[in-house]
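Written out below as structure tokens is the structure these notes cover.
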Amino acid sequence: MKTTIWGSFLRKILLLTGALSSLVSIAASQARPLPGPDVAQIYERLLPQIEKIPAFDHHAHPGFSDDPDVDAMAAPPDASSALRTRDDNPELIAAAKALFKYPYADLSPEHAQWLVAKKVELKKQYPGTAYFDMILDKINTESSVANRAMMAGYLDPNRFPWVFFADSFMWPFNNELETARNPDEGVYIPLQEKMLHRWMQQENVSKLPAKFGDYLDFIARVLSDDQKNGGIAMKFEVAYFRPTTFSDPTREQAEEIYNRFVSGGVPPEKDYRIFQDFIFRYLVMLGGRLDLAVHIHTAVGIGDYFNLSQSNVMGLESVLRDPRYHSTTFVLIHGGYPLEREAVWLAAMKNVYLDSSFGELAQYPSAFKETLKMWLETFPDKITFGTDCFPYNEVLGAEESYWLGAQSSRMALAAALAEMVSENEITESRALQLAHAYLHDTAVGLYHGKVH
Ligand SMILES: [Zn+2]
């Protein structure tokens with residue numbers, strides 16, 4: 001009896017200590033909802049280490065402002081720009097100071113001339129591909145995607161892998177209706193026609209093939225030749241031109257529409273969309289077959305007529321989660337911004353990745369930090385860095401926007417990780433692993449040795 005009482009007392013003591021010690025260990029590792037007073041110190045420790053990580057820029061438009069091949073499309077005149085992306089953003093002066101030792105605090109026309117002259121002098125000093133290589137060295141970017149209509153001789157292909165545009169295959173017919181929809185389409189659609197024409201020239205095709213099967217073969221030939229010319233991915237900016245929800249028509253449906261309009265006539269919008277839905281899915285399938293990643297613009301866009309609700313990133317969900325495309329690697333360029341909170345859950349698919357470019361320019365680092373933190377806390381192995389750099393004008397070029405994008409991203413990354421460390425979510429060494437993954441390793445891993 002006594003032994004039993006003693007035994008049950010002992011058991012109770014043991015259970016209690018067990019419970020207590022597990023409570024203690026939970027408390028030691030449980031995340032806190034607020035950063036501690038150490039967060040600024042952690043940030044100061046992480047930032048210099050993050051600045052030393054050579055980056056891979058997953059989305060950028062390098063080139064000079066007078067180069068028409070920087071993009072397959074152009075900004076419509078008088079388009080509204082969000083505050084930080086205007087070319088009078090004083091941070092661009094900070095960029096010119098950091099890159100070129102610009103000696104002035106404003107961009108008055110005479111002062112701006114200094115910057116133009118400085119760049120001319122540097123181009124002589126760093127001829128050919130050396131100039132943009134030097135810019136990448138200054139911002140510690142090992143290599144950067146060149147998402148351009150065509151590659152430029154002045155970009156080093158070893159450091160600027162090409163991402164070409166694939167939208168134009170969806171607009172082969174008479175585009176009268178498409179062009180007339182609004183003034184922005186009046187700028188965009190003729191440029192798509194021009195792009196398709198250039199692919200036809202490349203393949204020595206003088207007019208659209210009479211047979212639909214031959215048109216599909218022509219598309220496949222362009223992709224495979226672009227790949228031979230250094231292309232690592234195809235890019236869609238389809239959200240600028242039409243809604244990004246895609247139905248699933250049969251080949252026969254698409255063929256019937258092709259046969260009806262290949263030699264003329266204006267396709268009604270409904271028919272054109274069905275044809276395009278088929279071509280988009282065909283391109284996505286080819287991406288998997290040829291090992292060409294599929295980059296898709298998923299965010300707000302320039303131009304006042306850009307339809308945010310119709311080009312919502314979630315419209316792509318039925319394509320992204322379609323098991324027929326499991327061998328296609330998708331990169332959601334701009335991470336669905338401003339719907340990046342929803343978009344990160346699309347990266348649950350093993351073949352879907354996010355790129356953070358534009359988010360770091362459209363937002364200030366304090367806001368962009370929140371985006372990165374939320375992504376790092378959800379699928380940290382599926383997110384990649386990009387700047388979306390672009391030559392603003394003759395004075396402020398891709399150089400300054402590269403600098404601003406890279407600096408903003410590194411600062412926001414250090415701040416997001418510092419909060420996560422201080423809030424007891426991760427250790428500092430884990431924070432640096434995540435920084436390497438985001439800035440370089442995850443994106444480079446998608447291209448099987450073709451980029452570094
Ligand atoms: Zn872009």
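Residues: numbered from 1 along the sequence shown. As the structure lists them, so they are numbered: ligands from 1, and atoms in each ligand from 1.
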Applying ring pair (Phe, Tyr, Trp, His ring centres under 6.0 Å), name anything that partners His111, two or more places apart in sequence or on another chain. Tyr104

What's the verdict on salt bridge (Lys or Arg N to Asp or Glu O under 4.0 Å) for Asp69 and Arg198, showing C-alpha distance, side-chain angles and the deciding distance? CA-CA 12 Å; Asp69 285 343; Arg198 290 177 82 171; 2.8 Å; yes

Protein N/O/S atoms under 2.8 Å from the Zn ion (ligand 1): how many? 3

Salt bridge (Lys or Arg N to Asp or Glu O under 4.0 Å) between Arg242 and Glu178, worked out: CA-CA 9 Å; Arg242 52 152 284 172; Glu178 302 284 293; over 6 Å; no

Between Arg159 and Asp57, is there a salt bridge with N-O shorter than 4.0 Å? no

Those residues at least two apart in sequence (or on a different chain) that pass salt bridge (Lys or Arg N to Asp or Glu O under 4.0 Å) with Asp71 are none

For His295, the ring pair (Phe, Tyr, Trp, His ring centres under 6.0 Å) test, sequence neighbours excluded, returns His58

